[in-house]
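A short write-up of the structure that comes next.
A, B, ... follow the sequence lines: proteins, then strands. Residue 1 opens every chain.
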Number of protein chains: 2
Amino acid sequence: MISSNIVHEIRAFNRFYTNVIAVLDQDVLKSNFSLAEARVLFEIERLQPCSARKIMEVIIIDEGYLSRIVKKLVAKNYITKIRSDHDKRLYLLKLSASGVRQMRRLDELANQATFGLIERLTADQTKTLLENMQHIQNLLNFKT
Amino acid sequence: MISSNIVHEIRAFNRFYTNVIAVLDQDVLKSNFSLAEARVLFEIERLQPCSARKIMEVIIIDEGYLSRIVKKLVAKNYITKIRSDHDKRLYLLKLSASGVRQMRRLDELANQATFGLIERLTADQTKTLLENMQHIQNLLNFKT
DNA sequence: TCTTTTTACTTGATTTTGTCAAGTAATTTA
DNA sequence: TAAATTACTTGACAAAATCAAGTAAAAAGA
């Protein structure tokens, strides 16, 4: 049944992990990027050159909101936005040189925050943690 | 080193799980409570009778913002707020009868959303998922 | 004591963040 | 080639969150 123990334990994990993520996010916010901006930048870094549409396949975000974030990042010269020759409805996004520098900063912040999670674990524990995470990712990899 | 593979894989999991939680949250938002309100209600349910201060020990939230959320929940008669006799600076919060009903609805929504995560898994896979989650929780528990 | 500091909460003003719906233009489909 | 779909933009809002200044009570320090 829906209110089974299993569901409750998953919810307990979700509450727990929501806090884990919230703590990590606190640190990333020190970068002067909003969470949404940071996530968009991370995805552009990973997927570049990519369209806004492509980003929306990966993170849940309103189309108009994303459009404005992209506009802002272009205005600040952290990304470039060039109309695709192949399909003129889309614009290809890439980090600019300055964006690459920003990402190094952001990346270092996120790495440090994440490292804080595991610094007290032994090598074995860390390995186990990772395996568990990857296992969960495989089990839930649904792409809702 | 801080930018090790391990940190990167943990970050990949965090990105992934951020989306999982976002998908579940979408459903909870159908309750007409904001995420912040839902979390506050959830903590009041767990901790009642409790002060706003007590809630702030558990969730990361601005004091003024919380004060307004409490005000709104009182106005809608989902919680009661009674000045403490022992310490007149604080107010004890509890779910009202109507709040209890709301929480049952909220709970059912959250259960259904969570069930959606696992409905396609076999019993064995679900069991493994849960074990992985509990293992992660145990490994990271000292923090956050 | 009393007076200074800390704690709990509130409120006004504002900013930031996110949503909705309507609109343009390019591409695909029937 | 008309209709539908896709990619993106924009204006108008609404919701969410922050900041700082304020009140009142309690605790701590002299």
Measure all distances between protein nitrogen or oxygen atoms and nitrogen or oxygen atoms of nucleotides 14-18 of chain D, and list the pairs falling under 3.5 Å.
unit_1 : atom_1 : unit_2  : atom_2 : d
D:dA17 : OP2    : B:Tyr65 : OH     : 2.1

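- With hydrogens and angles ignored, the 3.5 Å screen pairs no side-chain donor or acceptor of A:Thr80 with any backbone N or O of A:Ser96.
- Atom CD in B:Glu45 sits 5.5 Å away from atom CG in B:Leu95 (nearest 0.5 Å).
- With sequence neighbours excluded, the residues forming a ring pair (Phe, Tyr, Trp, His ring centres under 6.0 Å) with B:Phe13 are A:Tyr17, B:Tyr17, listed by chain and number.
- Look at CG on A:Asn32: it is 17 Å from P on C:dT15, rounded to the nearest Å.
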Contact pattern, 5' to 3', of nucleotides 24-30 of chain C - B, S or - by protein heavy atom under 4.0 Å: --BS---
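- The pair A:Lys30-A:Asp27 counts as a salt bridge, with a side-chain nitrogen and a carboxylate oxygen less than 4.0 angstrom apart.
- The side-chain heavy atoms of A:Ser67 and A:Val70, taken from C-beta on, include no pair separated by under 4.5 Å.
- Rounded to whole Å, the distance from CD on A:Glu63 to P on C:dC20 is 13 Å.
- Partners of B:Lys54 under the salt bridge (Lys or Arg N to Asp or Glu O under 4.0 Å) rule, at least two apart in sequence or in another chain, are B:Glu57.
- Other cluster members for B:Leu29: B:Leu35, joined by side-chain heavy-atom distances under 4.5 Å among Ile, Leu, Val, Met, Phe, Trp and Tyr.
- Put simply, CG on B:Leu93 is 11 Å from C1' on C:dC9, counting in whole angstrom units.
- The backbone N or O of A:Ile21 sits nowhere less than 3.5 Å from a side-chain atom of B:Asn14 that would complete a donor-acceptor pair.
- Residues from residues 46-55 of chain A placing a heavy atom under 4.0 Å of any atom in DNA chain D, listed by number, are A:Ser51, A:Ala52, A:Arg53.
- Looking at B:Arg83, its side chain never comes within 3.5 Å of a backbone N or O of B:Tyr91 through a donor-acceptor pair.
- Summarising the geometry, the separation between CG on B:Leu90 and P on C:dT7 is reported as 13 Å, rounded to the nearest angstrom.
- When side chains are defined from C-beta on, A:Phe42 counts as touching B:Arg11, because their heavy atoms get closer than 4.5 Å.
- In this structure, the CG atom of A:Leu73 is 12 Å from the P atom of C:dT17, given to the nearest Å.
- Using a cut-off of 4.0 Å between Lys/Arg side-chain N and Asp/Glu carboxylate O, A:Arg104 and A:Glu108 are scored as not salt-bridged.
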